[in-house]
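Below is one structure, written out as structure tokens; the observations come after it.
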Amino acid sequence: MSTASATTEFQAESKEKPLGGRFVGAAANYIDERTSLSGLVKELGRKIFPDHWSFMLGEIALWSFVVVLLSGTFLTFFFQASMAEVHYNGSYIPLKGISMSAALDSTLHISFDVRGGLLVRQIHHWAALVFIAGIGVHMLRVFFTGAFRKPRELNWVIGFILFVLAMGEGFTGYSLPDDLLSGNGLRIIDGMVKGIPLIGTWISFLLFGGEFPGEAIVGRLYTLHILLLPAILVGLLALHLVLMIINKHTQFAGPARTNSNVVGFPMLPVYASKMGGFFFITFGVIVLIASLFTINPIWNYGPYDPSPVSAGTQPDWYIGFADGALRLVPPHLEFVWLDRTWSFNIILPLLVLVVFIVLVAIYPFIEAWITGDKREHHIAQRPRNAATRTAIGAAGVTFYAVLWAAASSDIIATHFSLTMEGVIHTLQALLILGPILVYFVTKRTCIALQKKDREIALHGYESGRIVRLPGGEFIEVHQPLDEYERWKLVGYETAAPLVVRPNAQGQIPWHEKFRASLSRWFFEDRLAPVTQTELEEAVAHQHHELEHLAHEEDAEIQASHERAGHPEAPLRPADEQHGEIPARPTSVLAEDDENPKK
């Protein structure tokens, strides 16, 4: 069919449509004839996505980022990224006449003189916190379900880079008002940078444009905050979504779900509608939080001045782990070598944090190397079925949590009337022993849950129904699983340690031996999945037991009827009515009540 004839038919059909429909149809036809977008829209609209509540965690991060962009655009109209000295002359009386930077003055102007400015500021700040938290929780879901395995390793790395950039974006925005709290945060960063041997001082001078605090840092952070970092975030976010569409979304095990298909709903109209609704829910919750809970009240802190530093000054939660690492490092780790001061009380926590971040970023490749697994995985694992990985993740979360808690060591000490040294020493011990303890507890818990699943799959649920056998024995009847429930419990893949083989020279290199030992450790104490033969035998046994119990129960009821003189009485009560009103069962006792003896 030619384009001209198709256009003629479209025009003939459009005459019967209302004006709005004709305009939309004509516009769509015009664009499609020049761009051929209909194929892409059709393919994307028919894309199937699985449905599970945990998949919404990534959407929370996505829509929070949209709120950050919208509210941040509003704030750029009024904020002045300048450290020029001015005297405040705004509506907040306690700060009138006080000397401060133009950045703090404009932030106070937004908060007290711009209509809705304070609400938008708080929306922006809360949305940034939710954005970073959403990425973190989403990455935990991906980690514990094994959704980072082939072919999604690169998407994991991109997601982790997004997380790091989001923290950088949050910190640059947090430092813009040039108030006392943000100035203290920048002072800590300056100290960490200067602690780097040989190049630290030069990096600090380059960053601040001279000696701290200088007069250029706010403008430079502003450029990073509104231009460079958001552009990279948007680009990586788009790439992350494209790779998710190309590689397919993971799905949890269930009937008819395999590595070669996706069971769910199409993008249009189902998920498009759900995503739109979820955006407004996320936006509404953030606005509600911003309306009810004050955050970053800079008018209480005043302009930055290094002299009034006091206990209780803390950065936003996502930077707390870095502050906590500095607090937990032991003292007296400085020495002079080659005419340079080597401050290992700064170098050591920096190295620990860098190693921790790098290990998280490359973990998919480490696990693939240890297990030797080169298969594609599109079925998400239950965390209990990957006991070692779940234990590693729990240990990593504990390590991060202790560092995060250490950032509040002074608050913990003052609020609970404890000594600062006692809190620090306790957290230092927890930083080392906590992850080890959590690792073993988590692993044994996962293995115990696997054994419980195996027991349920083979023998059914404990129904709580107690039956007395004719011989007087009481037993509990187990309720068999249906096919859907059994599939979730037995449908996990087989895993085995890596078997290394000699090379062309007939030798096994040391690194392959090390790899084999790591593989044995990774899969130790694993449980073999239920085989089809075991499952069939268990199902047959369950049916046999239930039939036997039913036969024994019928025989006992019949015997009781015969002893009562009513051998023809039914074995089961028959309901005369059906519905919500309970019907009185027809039984031998009911017949006696209806014909009382005279």
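The local environment of CZ in Phe514 is sparse, with at most 12 non-hydrogen atoms from other residues, nucleotides or ligands closer than 6.0 Å. The neighbour count for Tyr92 OH, taken as heavy atoms of other residues, nucleotides or ligands under 6.0 Å away, is above 12. The number of heavy atoms from other shown groups lying within 6.0 Å of CZ (Phe280) does not exceed 12. Counting non-hydrogen atoms of neighbouring residues, nucleotides and ligands closer than 6.0 angstrom, the CH2 atom of Trp202 reaches no more than 12 such neighbours. By the 6.0 Å contact criterion, NE2 on His511 is enclosed, its count of non-hydrogen atoms from other residues, nucleotides or ligands being greater than 12. Heavy-atom contacts from other residues, nucleotides or ligands closer than 6.0 Å to CD of Glu524 number more than 12.
A ring pair (Phe, Tyr, Trp, His ring centres under 6.0 Å) with Phe112 is found for one member of Tyr88, Phe78, Trp299 and no other, namely Trp299. For the side-chain contact (heavy atoms from CB on, under 4.5 Å) with Phe356, the lone residue among Leu359, Val354, Val360 that qualifies is Val360.
Put simply, the side chain of Thr223 gets close to the backbone of Gly219: a donor and an acceptor are under 3.5 Å apart. Side chain of Lys150 to backbone of Lys374: a donor-acceptor contact under 3.5 angstrom is found. Ser82 contributes a side-chain N or O that, together with a main-chain N or O of Ala84, makes up a donor-acceptor pair within less than 3.5 Å. Under a 3.5 Å cut-off, the side chain of Lys194 and the backbone N or O of Ser204 do not form any donor-acceptor pair. The closest donor-acceptor contact from the side chain of His87 to the backbone of Ile98 lies at 3.5 Å or more, if one exists at all. With hydrogens and angles ignored, the 3.5 Å screen pairs a side-chain donor or acceptor of Arg327 with a backbone N or O of Ala407. Here the side chain of Thr390 pairs a donor or acceptor atom with the backbone of Pro383 at under 3.5 angstrom. Put simply, the side chain of Thr442 never gets that close to the backbone of Ala391: no donor and acceptor are under 3.5 Å apart. In this structure a side-chain-to-backbone donor-acceptor pair under 3.5 Å is missing from His377 to Ile379. Put simply, the side chain of Arg220 never gets that close to the backbone of Ile217: no donor and acceptor are under 3.5 Å apart.
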#### Entry: Step-by-step side-chain contact (heavy atoms from CB on, under 4.5 Å) determination, Gln251 to His52
CA-CA 8 Å; Gln251 59 186 346; His52 192 267; over 6 Å; no

### Message
Show, in sequence, the C-alpha distance, side-chain angles and deciding distance for Tyr304 and Leu104, and conclude whether the side-chain contact (heavy atoms from CB on, under 4.5 Å) test is met.
### Response
CA-CA 9 Å; Tyr304 175 66; Leu104 181 58; over 6 Å; no

### Query
side-chain hydrogen bond (donor to acceptor under 3.5 Å, both in side chains) between His378 and Arg152: does it pass, once the steps are laid out?
CA-CA 9 Å; His378 302 290; Arg152 298 175 182 84; 2.8 Å; yes

### Task
Give the intermediate values and the outcome of side-chain contact (heavy atoms from CB on, under 4.5 Å) for residues Asp105 and Gln80.
CA-CA 8 Å; Asp105 180 77; Gln80 298 181 25; 5.7 Å; no

### Task
Run the numbers on Phe321 and Trp404 for ring-ring contact (aromatic ring centres under 6.0 Å, His included), then give the verdict.
CA-CA 4 Å; Phe321 75 102; Trp404 182 71; over 10 Å; no

### Chi angles and distances behind the side-chain contact (heavy atoms from CB on, under 4.5 Å) call for Ser291, Leu119
CA-CA 7 Å; Ser291 304; Leu119 177 62; 3.6 Å; yes

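The CZ atom of Phe212 sits 12.5 Å away from atom CZ of Phe205, with the distance rounded to the nearest 0.5 Å. In this structure, the separation between CD1 on Ile447 and CZ on Arg526 is 11.0 Å, given to the nearest 0.5 Å. If you take NE2 on His240 and CD1 on Ile245, they are separated by 11.0 Å, rounding to the nearest 0.5 Å. Note that OG1 of Thr282 is 8.0 Å distant from CD of Glu59, once rounded to the nearest 0.5 Å. His138 contributes atom NE2, which lies 10.0 Å from atom CZ of Phe55 (distance to the nearest 0.5 angstrom). Between atom CZ of residue Phe79 and atom CG of residue Leu176 there is a gap of 4.5 Å, rounded to the nearest 0.5 Å.
Heavy-atom minimum distance, Leu162 versus Ile135: O-CD1, 4.2 Å. Smallest separation of non-hydrogen atoms from Phe131 and Ala166: CE2-CB, 3.5 Å. Closest approach of Gly214 and Met83 over heavy atoms only: O-CE, 3.4 Å. Minimum interatomic distance between Thr414 and Ile411 (heavy atoms only, all atoms of both residues): OG1-O, 3.1 Å. A pairwise comparison of heavy atoms in Ile158 and Leu236 identifies CG2-O, 3.7 Å as the closest pair. The shortest heavy-atom contact between Ala368 and Arg515 is O-NH2, 4.5 Å.
Between the side chains of Gln381 and Thr145, no donor-acceptor pair of N or O atoms lies under 3.5 Å.
Contact check for Val438 versus Phe399: no side-chain heavy atoms found under the 4.5 Å cut-off. Side-chain atoms of Pro435 and Tyr439, non-hydrogen and from C-beta on, never get closer than 4.5 Å to each other. Side-chain contact between Ile286 and Trp63: absent, with no pair of heavy atoms (C-beta onward) separated by less than 4.5 Å. Using a 4.5 Å heavy-atom cutoff, the side chains of Ile199 and Ile203 are in contact. Val500 is not listed as a side-chain neighbour of Lys513, based on a closest heavy-atom distance of 4.5 Å or more. Looking only at side-chain heavy atoms (C-beta outward), Met100 and Glu85 stay at 4.5 Å or farther from each other. By the 4.5 Å heavy-atom criterion applied to side chains, Phe344 and Val329 are not counted as neighbours. At a threshold of 4.5 Å between non-hydrogen side-chain atoms, the residues Trp156 and Met139 count as touching.
Counting only residues at least two apart or on different chains, the side-chain hydrogen bond (donor to acceptor under 3.5 Å, both in side chains) pairs with a member in residues 120-135 are Ser71-His124, Ser111-Arg121, His125-Asp316.
Between Asp525 and Lys443 no salt bridge is recorded (no basic side-chain N to carboxylate O distance below 4.0 Å).
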